[in-house]
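Just below is one structure, and these are the notes that go with it.
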Amino acid sequence: MVEEIFISPKKRGRIAVFLSGRGSNFKAIHDAILGGKINADIALVFSNVEGAPGLRIAQERSLETFYLNPKLYPNREDYDREVIKEVRKRNVDLVCLAGYMKILTFHFCREFKHRVMNIHPALLPSFPGLHVQKKAIDWGVRYSGATVHFVSEDVDMGPIILQAVVPVLQDDTEETLSDRILKEEHKIYPEAVRLFFEGRLEVRGRRVFIKEI
Ligand code: GAR
């Protein structure tokens with residue numbers, strides 16, 4: 001089944017970034033926007049963590065930020081329903097998960113099908129989940145990397161948009177490998193967002209095709 005993602009390349013798009021931590025991928029996307037590489041603006045930086053450094057960076061950059069305390073909601077579904085409302089209010093075209101460490105409910109995934117991207121620090125479908133740089137070292141794989149994918153209801157298993165390969169060196173620690181992978185994340189995430197707003201991504205089943213211009 002071919003699933004076109006309807007986005008008008010002429011219209012300036014609107015992005016919501018979701019983060020829980022330091023926000024370096026958010027910065028990479030915002031820097032690409034400021035550099036004129038992505039035809040979109042960041043309409044909202046949202047977090048489930050009040051003190052997330054990424055929220056502070058967004059405020060310093062005069063972007064709208066929003067924090068919602070998960071403890072005020074009886075379950076994840078109610079929390080996500082409230083988050084959906086906030087995203088809807090701002091007419092967002094694309095949600096970019098950038099180190100958002102909370103699993104989205106199926107409500108959210110359905111509401112924004114093929115309109116939520118995630119960056120993951122491994123070559124999916126290998127090493128889904130957490131602490132994946134350490135898992136790659138412990139498994140003895142020779143290569144790991146980064147993946148940008150559309151988010152689906154199965155965690156870390158949505159259609160893959162872009163990947164970058166990073167060698168795993170014999171003397172790598174979790175920190176050195178994470179740093180090397182992060183540098184690639186900062187290249188492929190803005191690139192995937194750019195392709196999205198150029199209307200060049202087409203989902204066919206599990207596969208994402210990149211249309212030539
Ligand atoms: C990044 O390495 C990202 O790939 C990872 O969290 C880090 C966030 O860093 N995401 C996941 O592990 C999602 N499963 P950042 O806050 O500096 O962008």
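Order of appearance sets the numbers: ligands from 1, and atoms from 1 within every ligand.
- For residues 162-201, no residue pair satisfies the ring-ring contact (aromatic ring centres under 6.0 Å, His included) rule, not counting sequence neighbours.
- Sorted by first then second residue, the side-chain hydrogen bond (donor to acceptor under 3.5 Å, both in side chains) pairs that include residues 49-59, not counting sequence neighbours, are Gln59-Thr65.
- Inter-residue side-chain proximity for Phe112 and Arg88 is flagged as met; some heavy-atom pair is nearer than 4.5 Å.
- Contact residues for ligand 1 (protein heavy atom closer than 4.0 angstrom to any ligand atom): Arg22, Gly23, Ser24, Asn25, Gly99, Met101, Ile119, His120, Pro121, Leu182, Glu185.
- Heavy-atom minimum distance, Pro159 versus Val208: CB-CG2, 3.6 Å.
- Dense packing is recorded around CG of Leu169, with more than 12 heavy atoms of other residues, nucleotides or ligands lying under 6.0 Å away.
- Sorted by first and then second residue, the pairs that involve residues 144-171 and meet ring-ring contact (aromatic ring centres under 6.0 Å, His included), not counting sequence neighbours, are His114-Phe150.
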